[in-house]
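Step one of this worksheet: look at the structure below.
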Amino acid sequence: MKNEIRARVVKSLERCYANCSLSSGRIPEIVIEVPNHADHGDYASNIAMALARAEKKPPKKIAEILVQELAGSDRFFERIEIAGPGFINFFINKDVWRESLRKIVDSGDDFGKSTVGKGTRIQVEFVSANPTGPLHIGHGRGAATGDAIASILTAAGFDVVREYYINDAGNQMDTLGRSVYLRYRELLGQTVEFPENCYQGNYIRDIARDLITKFGDRYLEMPEDEAIRQCSKIGGDVILKGIKQDLADFGVVHDTWFSEQTLFDSGKVADSISYMREKGLLYENEGALWFRTTDFGDDKDRVVVRGNGVTTYFASDIAYHREKFEQGFDIVVDVWGADHHGYVPRLKSVVQGLGRNPDDLKIVLVQLVALLRDGAPVAMSTRSGEFVTLKEVVDEVGRDAARFFFLMRRSDSQLDFDLELAKRQNSENPVYYVQYAHARICSIFESACEKGLSPSDSSLACLGTPDEMSLIKMLSVFPEIVAGSALCFEPHRVPYYLQELAGQFHSFYNRNRVLGEDDELTSSRLYLLKCTAQVLKNGLLLLGVSAPDRM
RNA sequence: GCGCCUGUAGCUCAGCUGGAUAGAGCAACGGACUUCUAAUCCGUAGGUCAGAGGUUCGAAUCCUCUCAGGCGUGCCA
C-alpha cells in the first residue's frame with residue numbers, strides 16, 4: 001500500500017515538473033507513514049515540507065499543487081487532505097482496503113512474504129555456545145533471536161543459512177577433558193584435588209559416570225595426557241549432542257555446524273594470517289604478532305599469535321569470517337551475547353581487512369536474561385555450575401511461552417523472564433493473549449461449520465464499521481512489518497504487531513456478533529476472520545510459536 | 001581513565017532511521033457473560049520522554065555536556 005502511494009506521488013510530482021507548476025525538479029526520498037491519529041488519514045506524507053526549501057514556496061502551497069495532480073481519475077483515494085504545517089493526508093478508498101483481504105486468502109501461508117531481500121545470500125550464525133556445558137537460559141534467548149531473525153529474513157526474500165560455530169579448539173576443550181578425567185578418577189575412589197578453573201557442574205560427573213559404565217577403569221591405565229585427550233573428545237561429543245537435542249526440543253535447527261578445529265586442520269588459520277600479513281595489517285612486537293585494528297577505529301591493536309607461538313581466539317575468528325565470505329555470503333550476521341560487545345570493532349576491522357564493507361557484517365547483541373519467579377530473582381551462578389538451563393525453562397513453561405518471551409523485547413535491552421508469568425493462563429501473559437485470538441477464531445469456524453456457514457468474498461462491501469476497517473488495515477500491513485523487521489534485524493517487531501492485532505480482533509469480537517442473522521454480513525465477517533487467523537498463524541510461525549486451534 | 005549500551009506512566013516496555021495532541025500491557029479504580037471460548041472486552045486515572053544546551057519549519061528520536069545504572073577494556077575463551 002505504501003509503495004502504491006509512493007508511486008503515485010512520484011508520478012504526480014513528475015507531472016508537476018512537466019507542466020511547470022513546480023520548478024525544482026527534485027524527486028526527494030518520499031516518506032509515507034501511518035499517522036498516529038485516524039483523523040490524519042490512513043497514510044500521510046511530509047513531502048511538501050521537504051520540498052519547501054528547494055521550491056522556495058510555502059509547504060501548504062506545494063501541497064495544494066501536488067494534491068490536484070494526485071486526485072486523479074480512479075477511485076484509489078477516497079479523499080486527500082492538507083493539514084497542519086503542510087502534511088498531505090491520504091484516505092484510501094474503502095473498496096481498496098476490502099480488496100486487500102483477497103490477497104491474504106490467495107497467498108495463505110505465504111502472506112507476509114516479500115522480495116525486499118532480493119535473494120541476497122545471508123548467513124545467520126547463532127548460539128555457538130562452547131561445547132563445555134549445557135545451554136543455559138541466556139543461550140536460549142540467543143537461539144530464539146537468531147532463529148526468528150533467520151525466519152524473518154527468509155520471509156523477506158533473503159537466501160538464509162543458519163550456522164552454529166563450534167569452539168572445539170583451544171584450551172577450554174582441554175579444561176573439559178581434565179574436568180571429566182578428574183571426576184572419573186574421583187568416582188573410581190581416588191582422592192583428587194578438583195581445581196577451581198575446571199567445570200564444576202554436575203553434568204561433568206554424569207559424563208564420567210557414563211565412561212565408567214562403558215569402559216570401566218581403562219583410562220586409569222593410560223598416560224594422563226592421553227586420557228585427558230580422550231576425555232575431552234568424548235566429553236565434547238556428549239555435550240554437543242545434548243546441545244543439539246536441547247535446540248531441537250526448542251524448535252531450532254541449524255543448517256550447518258562449523259567446527260573451529262577444521263580451520264586449523266585445513267590450514268586456513270595460517271592462510272588467513274599470511275593473507276593479513278601481505279596486506280600489511282600485521283606486525284610483530286614483544287614477541288607477539290599483532291593485528292593493526294586501530295587502522296579501522298579500534299581502541300588498541302589485538303594479538304593474533306601469542307609470544308608462545310599459540311594463536312588467539314581472534315586468529316580463529318579472522319579465518320572463520322574470511323571463510324564465511326569466501327563461501328559467497330553477501331551479508332554475515334553474528335548473534336552474540338552482549339557481554340562480547342567489546343569485540344565488535346575488532347571483527348569489523350577484520351571485515352575491512354578482507355576488503356569488504358564493514359556493514360557486510362551485522363552483529364546482533366543479545367542482552368542478559370534476568371530470571372524471575374513471581375517477581376523475585378532466581379539465583380544463578382555460572383561459576384559454581386548452578387545455572388538454570390534452557391531445558392529446565394522449556395520443560396517448565398513450554399516452548400511457545402519461552403520463545404515468545406525471549407522475543408518480546410528488543411534484543412539489546414535486558415529481559416525480565418518471569419517463570420510464573422510465562423505459565424499463567426490469563427491476560428497478564430501475552431503469549432496466551434495472541435494464541436487465544438487464533439483459537440477463538442477457529443472455534444467460531446467450528447460453530448459456523450455446524451450451522452452450514454462459510455466465509456465468502458462475494459459481498460465484502462458489507463464490511464465498513466470502524467472495527468472492521470481497522471482490523472482490515474492492520475492485516476494488510478503485515479508484510480511491511482515483516483520486511484521492516486528483517487531489514488533492521490529486529491525480530492521483536494513481530495510479537496509487538498501480533499499483540500496489537502490480537503487486541504484488535506478481541507475488541508472486534510466483543511462488539512460484533514460474527515454468526516448473525518444477515519447471511520451476507522456473516523460470510524463477509526467470516527472472510528475477515530479467516531484472514532485474521534491466517535496472519536496470526538503466519539506471524540506466530542515466524543517466531544517458532546504454535547498457533548493452536550483450541551485452548 | 002577510556003569505550004559501548006541503557007535512562008519514556010507506579011512496574012515491564014514500544015515509538016516505524018526528524019513529524020501533527022508521546023503509546024501498549026500489567027498493577028489501581030468502575031463496569032460488561034440467558035448470545036460464536038470472560039484465557040476476552042469497555043471506561044477512568046496515570047508523563048518535566050534523566051537533566052542542560054545546540055542543530056531546524058518541527059526533536060523522545062540527531063550533536064555536545066552533566067548525572068544515574070549496566071557492560072567491556074588479557075599475549076583468556
Side-chain angles (χ1 to χ4, degrees), chain A residues 31 33-37 39-40 44-46 49-50 52-53 58-59 83-87 89 130 132 167 169-173 175 197 285-290 298-300 302-314 316 337-345 365 367-368 375 408-410 412-416 418 421 424-433 435-437 439-448 450-451 453 477 480-481 484-485 487-488 490 492-493 495-497 499-500 502-503 505-516 522 525-526 529 550-551:
Chain A
V31 180
E33 55 178 12
V34 180
N36 293 327
H37 299 277
D39 318 344
H40 296 144
S45 178
N46 64 343
M49 288 179 282
R53 184 168 296 184
F87 288 102
N89 296 335
N130 293 345
T132 54
N167 296 118
N171 56 31
Q172 81 273 15
M173 293 311 290
T175 306
N197 65 359
N285 188 29
E286 294 177 5
L289 188 64
W290 298 70
D298 198 3
D299 297 339
K300 50 172 290 196
R302 308 293 172 176
V303 171
V304 176
V305 182
R306 296 194 283 248
N308 63 8
V310 179
T311 59
T312 62
Y313 188 80
F314 183 44
S316 302
D339 52 335
H340 289 76
H341 75 254
Y343 297 77
V344 174
L365 297 174
Q367 264 291 2
L368 300 177
M408 258 187 332
R409 305 274 176 251
R410 223 175 54 210
D412 63 356
S413 75
Q414 229 185 304
L415 171 74
D416 286 339
D418 194 313
L421 174 61
R424 217 164 283 163
Q425 304 199 350
N426 61 24
S427 57
E428 289 172 57
N429 187 342
V431 189
Y432 284 91
Y433 185 77
Q435 289 184 318
Y436 179 53
R440 214 173 196 185
I441 295 174
C442 292
S443 158
I444 294 171
F445 273 100
E446 250 176 56
S447 313
E450 284 166 17
K451 294 176 180 164
L453 300 167
V477 91
E480 289 167 27
I481 297 290
S485 173
L487 293 172
C488 296
E490 290 182 356
H492 73 277
R493 294 186 190 191
Y496 258 89
Y497 166 81
Q499 287 179 83
E500 270 184 56
F505 160 71
H506 285 309
S507 179
F508 169 82
Y509 174 89
N510 273 276
R511 273 200 287 252
N512 301 280
R513 176 90 199 162
V514 178
L515 307 177
T522 296
R525 283 187 170 161
L526 281 172
L529 291 201
R550 194 185 284 265
M551 289 173 74

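Lettering follows sequence order; numbering is per chain, from 1.
- Comparing G15(B) with G7(B), their C1' atoms are spaced 15 Å from each other, to the whole Å.
- Protein atom CD of E33(A) is 12 Å distant from nucleotide atom C1' of U17(B), rounded to whole Å.
- Straight-line distance between the C1' atoms of A28(B) and C71(B): roughly 36 Å, to the nearest whole Å.
- Heavy-atom minimum distance, Y433(A) versus Q499(A): CE2-O, 3.6 Å.
- A 3.5 Å limit on both hydrogen-bonding distances identifies G7(B) as the Watson-Crick or G-U partner of C67(B).
- In this structure, of A39(B), C13(B), G19(B), it is A39(B) that holds the atom nearest to the side chain of M551(A).
- For the pair P59(A) and M49(A), the tightest heavy-atom approach, listed with the atom from each and the gap, is CB-CG, 3.8 Å.
- The aromatic rings of Y343(A) and H340(A) are tilted relative to each other, their planes meeting at an angle between 30° and 60°.
- Whole-Å rounding puts the H506(A) NE2 to A39(B) P distance at 10 Å.
- The separation of A38(B) from C42(B), taken at their P atoms, amounts to 14 Å, rounded to a whole angstrom.
- Contacts of A437(A) with the nucleic acid, taken as non-hydrogen atoms under 4.0 Å apart, are absent.
- A60(B) is unpaired under the criterion used here, namely a Watson-Crick or G-U wobble arrangement in which both key atom distances are under 3.5 Å.
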All N/O contacts under 3.5 Å from nucleotides 25-36 of chain B to the protein, with atom names and distances to one decimal?
residue, atom, partner, partner atom, Å
U35(B), O2', R513(A), NH1, 2.5
U35(B), O2', R513(A), NH2, 3.1
C36(B), O4', R513(A), NH2, 3.3
C36(B), O2', S447(A), OG, 3.0
C36(B), O2, L515(A), N, 3.1
C36(B), N3, V514(A), N, 3.0
C36(B), N4, Y509(A), O, 3.0
C36(B), N4, N512(A), O, 2.6

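- Nucleotides C33(B) and G23(B) place their C1' atoms 30 Å apart, quoted to the nearest Å.
- Atom-to-atom, CG of N46(A) to P of G18(B) comes out at 10 Å; the value is rounded to the nearest Å.
- P345(A) and G342(A) make their closest contact through CD-O, 3.5 Å (heavy atoms, listed as atom of the first residue, atom of the second, distance).
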Query raised in the report: Stepwise, does the side-chain contact (heavy atoms from CB on, under 4.5 Å) test hold for L526(A) with F445(A)?
Result: CA-CA 8 Å; L526(A) 281 172; F445(A) 273 100; 3.9 Å; yes
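- A gap of 32 Å separates the P atoms of U73(B) and C11(B), to the nearest Å.
- For the pair N167(A) and M173(A), the tightest heavy-atom approach, listed with the atom from each and the gap, is O-SD, 3.9 Å.
- For the P atoms, the distance linking U8(B) with C49(B) amounts to 11 Å, nearest Å.
- When all heavy atoms of G337(A) and L365(A) are compared, the pair lying nearest together is O-CD2, 4.1 Å.
- With rounding to whole Å, L421(A) atom CG is found 12 Å from C11(B) atom C1'.
- Remark: ring of H492(A) not stacked against base of A14(B); the cut-offs of centroid gap under 5.5 Å and plane tilt under 30° are not jointly satisfied.
- C13(B): Watson-Crick or G-U partner is G23(B), with both key distances under 3.5 Å.
- Look at the C1' atom in both G18(B) and U55(B): the space between them is 11 Å, to the nearest Å.
- C41(B) takes the anti form, because its glycosidic angle lies more than 90° either side of 0.
- The shortest distance between the side-chain N/O atoms of S413(A) and the OP1/OP2 oxygens of G7(B) is not below 4.0 Å.
- Base contact: V34(A) has a heavy atom under 4.0 Å from a base atom.
- Annotation for M408(A) and H492(A): closest pair O-CB, 3.9 Å, computed over non-hydrogen atoms.
- Pairing partner, G1(B): U73(B), with both Watson-Crick or wobble hydrogen-bond distances short of 3.5 Å.
- If A83(A) and R410(A) are placed on RNA chain B by their nearest nucleotide, the residue sitting closer to the 5' end is R410(A).
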Requested in this report: Evaluate side-chain contact (heavy atoms from CB on, under 4.5 Å) for Y432(A) paired with M551(A), printing each intermediate quantity in order.
Outcome: CA-CA 9 Å; Y432(A) 284 91; M551(A) 289 173 74; 3.2 Å; yes
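- G3(B) and C63(B) are spaced 15 Å apart, taking the P atom of each and rounding to whole Å.
- A stacking contact links F87(A) to A20(B): the aromatic ring centre lies within less than 5.5 Å of the base's six-membered ring centre, and the planes differ by less than 30°.
- A distance of 5.5 Å separates CZ in F508(A) from CG in L529(A), rounded to the nearest 0.5 Å.
- Going from atom CD of E500(A) over to atom C1' of G15(B) covers 10 Å, rounded to whole Å.
- With a cut-off of 3.5 Å on both pairing distances, the Watson-Crick or G-U wobble partner of C41(B) is G31(B).
- Within the 4.0 angstrom heavy-atom criterion, base atoms lie near N89(A).
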Query raised in the report: Which letters describe nucleotides 69-77 of chain B, given B = protein heavy atom under 4.0 Å from base, S = only from sugar-phosphate, - = neither?
Result: --BSSSBBB
